[in-house]
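What follows is a set of notes on a single structure, which appears directly below.
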There are 2 protein chains.
Amino acid sequence: MGVKERKERDKVEMRDKILQSAQHLFLAKGLDQTSIRNIAEAIEYSPATIYLYFKDKNEIIHALHLDGFRLLVRHFEPLVKFTDPFERLIEMGNAYIKFATTNPGVYELLFVRTEPMEYVSNCLDEEWKEGDRAFDVLFQTVSQCQQSGHFKGLDTQNLSMMIWSFIHGLCSLGISNHITHVKEARDKKLVVDAVMASTYQTFQTVMERLKA
Amino acid sequence: MGVKERKERDKVEMRDKILQSAQHLFLAKGLDQTSIRNIAEAIEYSPATIYLYFKDKNEIIHALHLDGFRLLVRHFEPLVKFTDPFERLIEMGNAYIKFATTNPGVYELLFVRTEPMEYVSNCLDEEWKEGDRAFDVLFQTVSQCQQSGHFKGLDTQNLSMMIWSFIHGLCSLGISNHITHVKEARDKKLVVDAVMASTYQTFQTVMERLKA
DNA sequence: TCTAAAAATAAACACCGTTTAGTAATTTTG
DNA sequence: CAAAATTACTAAACGGTGTTTATTTTTAGA
């Protein structure tokens with residue numbers, strides 16, 4: 001009589017299959033070029049079937065958004081080995097940049113696209129656990145930096161927000177190809193990564209000077 | 001025999017009409033919700049007519065992009081009255097934030113969307129005059145700050161890039177509604193503008209400390 | 001085996017950007 | 001002035017999109 005159980009397993013299996021195909025297509029061709037019809041074709045079902053497992057395309061996007069956050073968190077995990085909070089903060093930035101540049105599509109999904117946020121807004125409990133957890137990692141690190149003498153007299157929340165803003169701005173300008181089009185980058189034939197690296201280096205220097 | 005001249009006037013007139021309608025729809029409903037068919041309907045011509053005046057939708061988007069930059073530059077114009085370069089730098093940030101928050105759709109077009117950059121890439125002379133000019137205003141101001149004792153030992157280009165990254169990150173996170181979904185902002189029931197303002201205030205403090 | 005429920009789908013709806021082939025208006029020419 | 005040529009415009013189609021509805025197929029239990 002394990003029919004109901006099996007059916008439920010089948011249901012989540014199918015959901016995963018859809019999500020897996022969606023992610024595959026999304027990574028290969030980008031979000032806008034991934035259609036419900038493509039996904040359906042990939043799993044060899046009709047487009048209408050997708051709608052038996054997901055309310056609409058935004059729900060699929062949001063599921064991929066969750067996966068993306070798990071990937072980001074995984075990029076942060078090795079950071080525990082840095083005992084010095086300031087060093088950890090700097091390496092966090094590097095990890096963030098690396099995540100963004102090696103997974104530009106995913107990064108866009110997490111922090112640029114509005115669809116996942118819209119989905120979050122439409123959920124009754126209007127929270128964003130993934131974002132909160134990631135931000136808290138930053139907040140705690142900044143807080144520890146302050147406990148060991150850095151960033152005196154600056155509000156932890158605001159400073160964390162400032163750091164996130166900078167790093168996000170750098171990554172999103174890089175990914176969206178705006179950096180490659182400013183004159184200096186063109187003249188010196190600098191690749192995006194080089195501009196991002198030296199900009200981050202300057203940021204690092206600035207942060208170091210805030211110790212005193 | 002002013003036929004040719006009149007026809008040319010008519011041509012630019014029509015182009016403007018299309019652009020005007022496109023902008024109107026774009027500001028009202030956003031870029032993705034503005035279709036060629038909508039624009040055609042607004043000007044009471046058939047959709048195919050649009051293609052007699054613009055190569056494709058990206059060309060229209062790029063034209064709006066140019067208009068948007070003109071609007072941004074207009075936001076910067078009053079800044080000449082600030083003779084102190086550091087004060088001007090800070091006010092530039094405020095002007096930028098104001099521009100972004102009061103014209104979120106336009107801001108997205110200028111600095112988030114990739115379509116206009118793609119259009120620029122496809123132009124043979126691969127430059128981005130508007131972006132260059134705007135960035136140069138920042139660069140010159142930073143340079144003047146350094147001449148009057150600020151930001152010692154920091155590379156002007158990198159520092160300018162850092163400042164732009166921060167401000168852009170702050171604005172884009174604000175506009176894309178990512179800020180409103182982090183826990184602290186929700187808990188304290190802070191509106192986006194308040195978070196942005198206090199974050200920018202912290203940035204200002206940080207920049208001030210770089211004088212020494 | 002028959003029936004009720006569940007799962008999958010074909011087909012449609014209303015859009016989209018874009019192209020093509022053909023019509024209507026205008027200008028130039030004989 | 002009429003005919004020819006050029007220009008301006010558009011109807012209709014193509015191949016795509018997300019999504020819904022009505023229908024069929026598959027499965028499960030009596």
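Letters A, B, ... mirror the listed sequences (proteins, then strands); counts begin at 1. None of the values given here were measured: they were computed from a predicted structure.
Checking C/dT18, C/dA10, D/dC9 against every side-chain atom of B/Lys57, the shortest atom distance belongs to C/dT18. Of the candidates D/dT19, C/dT20, C/dC16, the closest approach to any side-chain atom of B/Ala48 belongs to C/dT20. The nucleotide whose nearest atom lies closest to any side-chain atom of A/Tyr45 is, among C/dA8, D/dT17, D/dT10, C/dA8. Checked against D/dC9, D/dG18, C/dA7, the side chain of A/Lys11 finds its nearest nucleotide in C/dA7. Each of C/dA8, D/dA11, C/dG17 was ranked by its minimum atom distance to the side chain of A/Leu52; first place goes to C/dA8.
For the pair A/Glu44 and A/Lys17, the salt-bridge criterion is not met [side-chain N within less than 4.0 Å of a carboxylate O].
Of the side-chain N and O atoms in B/Tyr53, one or more sit less than 4.0 angstrom from OP1 or OP2 of D/dC9. OP1 or OP2 of D/dT17 lies within a sub-4.0 Å distance of a side-chain N or O belonging to A/Ser35. For D/dG16, neither phosphate oxygen OP1 nor OP2 lies less than 4.0 angstrom from any side-chain nitrogen or oxygen of A/Asn38. Checking the phosphate oxygens (OP1, OP2) of C/dT9, a side-chain nitrogen or oxygen of A/Thr49 falls inside 4.0 Å.
Taking 3.5 Å as the limit, the base of D/dG16 and the side chain of A/Arg37 contain no donor-acceptor pair of atoms between them.
Residues B/Ile50 and A/Thr34 each lie close to DNA chain D; by heavy-atom proximity, the contact nearer the 5' end of the strand is made by B/Ile50.
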